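Quick notes on the structure that follows.
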Amino acid sequence: MKRWFRRRVDAAYERLLSREVSGAPTHVAVIQDGNRRYARSQGDDAPDGHRAGAETTERVLEWCQDIGVEELTLYTFSTENFERPAAENEALFDLLCEKLREFAEADRVHENEVCIRAIGETELLPERVRDAVDYAERRTRDYDAFVLNIALAYGGRSRLLNATRGVAECVAADELAPDEIGVEDIERRLYDQPVRDVDLIIRPGGEERTSNFLPWHANGNEAAVFFCTPYWPEFSKADFLRGIRTYEHRAESWRRTRARRALALLGAVSEPELAEARSIVDRFRDSLPSSEQPDAETLEAADSNGRAAD
């Protein structure tokens with residue numbers, strides 16, 4: 001009876017969250033944490049937890065597509081994970097091979113035009129995993145409706161270090177001047193294919209840290225972060241929707257901040273900057289509480305002050 005009641009409550013909460021979600025982030029990144037701890041809590045071994053977590057992964061992929069997310073990155077195996085017991089890693093590698101090939105053949109992947117890509121130091125992985133990665137990438141390389149990045153043998157700091165070395169080599173070879181180095185010079189050396197800026201990081205399992213995950217694309221974009229306590233195999237659609245709501249609140253806060261800053265600057269900027277500040281106010285003024293929204297007279301006075309100061 002209690003279990004039935006709990007399911008009813010959870011379903012009602014999920015419906016409520018679904019109604020509250022009005023938009024979707026473009027790129028969601030997930031740290032799939034807690035598989036081993038979940039297995040221990042169930043009296044099982046680590047491979048059982050990883051397999052249960054793989055089922056959650058499939059559901060999250062569907063949820064992302066349902067609400068309009070365009071890119072999903074899964075932190076599946078870090079460079080630090082190589083230090084785990086060999087038997088545990090071998091079982092996980094077998095599961096990765098199985099799931100990569102299964103995804104590459106799945107009707108839903110091809111119907112939804114999902115492009116599967118691996119990011120990380122994949123050359124460090126066993127040959128059978130590299131072969132499965134290559135197979136999945138080849139089978140889906142022509143799709144672009146949805147991108148699924150699987151971070152394998154991944155370390156964000158090492159990716160940045162390699163990209164920096166690549167730029168330094170170009171400078172040393174007189175192929176690039178130091179004062180010409182731009183964001184794009186780093187980005188195109190991070191991964192073989194472009195990765196969008198991350199809008200939302202989700203981490204279940206109770207840990208509140210992002211663990212060196214996509215630092216360039218997440219920190220540089222000031223991504224929202226959602227931490228929650230369920231282990232990854234227990235992660236529910238309600239948890240997912242709560243993460244999306246966190247992103248929406250973060251985005252709304254960002255818009256309010258931009259509008260307030262631009263409004264404050266309107267009366268104190270020069271003519272070239274005035275148009276940009278006015279544009280920001282016009283774009284984001286609806287994000288401000290009604291008590292803070294400027295009226296036409298306020299904007300006109302600010303414009304006049306800006307022109308006079310110039």
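The model shown is predicted, which means the values in this text are computed figures rather than measured ones. Keep in mind that the numbers below use all heavy atoms, side chains included, and drop hydrogens, waters and symmetry copies.
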Taking it one step at a time, do Thr57 and Gln32 satisfy side-chain contact (heavy atoms from CB on, under 4.5 Å)?
CA-CA 8 Å; Thr57 298; Gln32 303 170 100; 2.6 Å; yes
side-chain contact (heavy atoms from CB on, under 4.5 Å) for His50 and Arg36? Distances and angles first, verdict last.
CA-CA 7 Å; His50 292 310; Arg36 297 192 302 163; 4.0 Å; yes
Starting from the C-alpha separation in whole Å, work towards a yes-or-no answer on side-chain contact (heavy atoms from CB on, under 4.5 Å) for Asp94 and Glu98.
CA-CA 6 Å; Asp94 288 340; Glu98 174 189 330; over 6 Å; no
Salt bridge (Lys or Arg N to Asp or Glu O under 4.0 Å), that's the test. Do Arg139 and Glu105 meet it? Break it down for me.
CA-CA 8 Å; Arg139 291 281 285 123; Glu105 295 297 334; 3.3 Å; yes
Trace of the salt bridge (Lys or Arg N to Asp or Glu O under 4.0 Å) decision for Arg128 with Asp131:
CA-CA 5 Å; Arg128 67 185 188 280; Asp131 289 343; over 6 Å; no
I'd like to know whether Arg189 forms a side-chain contact (heavy atoms from CB on, under 4.5 Å) with Glu169, so could you lay out the CA-CA distance, the side-chain angles of the two residues, the decisive distance to 0.1 Å, and finally the verdict.
CA-CA 12 Å; Arg189 290 172 172 82; Glu169 290 171 1; over 6 Å; no
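Asn162 CG: more than 12 foreign heavy atoms inside a 6.0 Å radius. Counting heavy-atom neighbours within 6.0 Å of Glu175 CD, excluding the residue itself, gives a total above 12. Around CD of Glu83, the count of heavy atoms belonging to other residues, nucleotides or ligands within 6.0 Å does not exceed 12.
Note that the CG atom of Leu96 and the NZ atom of Lys99 stand 10.5 Å from one another [nearest 0.5 Å]. We find the OG1-CD1 distance between Thr210 and Ile202 to be 14.0 Å, quoted to the nearest 0.5 Å. Once rounded to the nearest 0.5 Å, the distance linking CG of Leu92 with CZ of Arg51 reads 10.5 Å. Considering SG of Cys97 and CG of Leu125, their distance stands at 9.0 Å, rounded to 0.5 Å. With values rounded to the nearest 0.5 angstrom, Asp199 atom CG is found 4.5 Å from Tyr247 atom OH. Summarising the geometry, atom CD1 belonging to Ile31 is positioned 11.0 Å from atom OG1 belonging to Thr76; distances are rounded to the nearest 0.5 Å.
Between Leu72 and His27, the closest heavy-atom pair is N-CD2, 4.2 Å. Nearest heavy atoms, His110 versus Tyr143: ND1-OH, 2.8 Å. Of all heavy-atom pairs spanning Pro233 and Ala52, the tightest one is CB-CB, 3.8 Å. Here the closest non-hydrogen pair linking Phe77 and Asn89 is CE1-OD1, 3.5 Å. Closest approach of Phe227 to Glu207, counting heavy atoms only: CD2-O, 3.2 Å.
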Please list every donor-acceptor pair under 3.5 Å in which a side-chain atom of residues 144-159 meets a protein atom from a residue at least two apart or in another chain.
unit_1: Asn149; atom_1: OD1; unit_2: Arg117; atom_2: NE; d: 3.1
unit_1: Asn149; atom_1: OD1; unit_2: Arg117; atom_2: NH2; d: 3.2
unit_1: Asn149; atom_1: ND2; unit_2: Glu71; atom_2: OE2; d: 2.7
unit_1: Asn149; atom_1: ND2; unit_2: Thr73; atom_2: OG1; d: 3.0
unit_1: Tyr154; atom_1: OH; unit_2: Tyr191; atom_2: OH; d: 2.9
unit_1: Tyr154; atom_1: OH; unit_2: Leu214; atom_2: N; d: 3.1
unit_1: Ser158; atom_1: OG; unit_2: Gly155; atom_2: O; d: 2.7
unit_1: Arg159; atom_1: NE; unit_2: Leu190; atom_2: O; d: 3.2
unit_1: Arg159; atom_1: NH1; unit_2: Glu121; atom_2: OE2; d: 2.7
unit_1: Arg159; atom_1: NH2; unit_2: Leu190; atom_2: O; d: 2.5

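Under the 4.5 Å side-chain contact rule for hydrophobic residues, Val60 and Val28 share a cluster. Residue Val198 is not grouped with residue Phe226 when hydrophobic side chains (ILVMFWY) are merged at heavy-atom distances under 4.5 angstrom, including chains of intermediate members. Put simply, Phe235 and Val30 are part of the same group of oily side chains (I, L, V, M, F, W, Y) that touch within less than 4.5 Å, one to the next. Linking ILVMFWY side-chain heavy atoms closer than 4.5 Å, directly or via other members, places Ile119 and Leu161 in two distinct hydrophobic clusters. Cluster membership check: Val129 shares its hydrophobic cluster with Ile116, using side-chain heavy-atom separations under 4.5 Å among Ile, Leu, Val, Met, Phe, Trp and Tyr.
Geometric assessment of Arg101 against the ring of Tyr135 yields a positive cation-pi assignment under the 6.0 Å and 45° thresholds. Cation-pi geometry between Arg108 and Phe103 is met: under 6.0 angstrom from the ring centre, within 45 degrees of the axis.
Counting heavy atoms from C-beta outward, Ser211 and Arg203 have side chains that approach closer than 4.5 Å.
Between the side chain of Thr140 and the backbone N or O of Cys115 there is no donor-acceptor pair closer than 3.5 Å. With Glu137 contributing its side chain and Ala118 its backbone, the two residues share a donor-acceptor pair below 3.5 Å. Asp239 places a side-chain N or O within 3.5 Å of a backbone atom of Ser236 that can act as its donor or acceptor partner. Judged by distance alone, with hydrogens and angles left aside, the side-chain atoms of Glu88 form no donor-acceptor pair with the main-chain N or O of Pro85 at under 3.5 Å. A donor-acceptor pair under 3.5 Å links the side-chain atoms of His217 to the main chain of Val195, judged by distance alone. Within the 3.5 Å criterion, the main-chain N or O of Ile244 finds no donor-acceptor partner in the side chain of His249.
The aromatic rings of Tyr75 and Phe213 sit parallel to each other, their planes meeting at less than 30°, with 60° as the upper class boundary.
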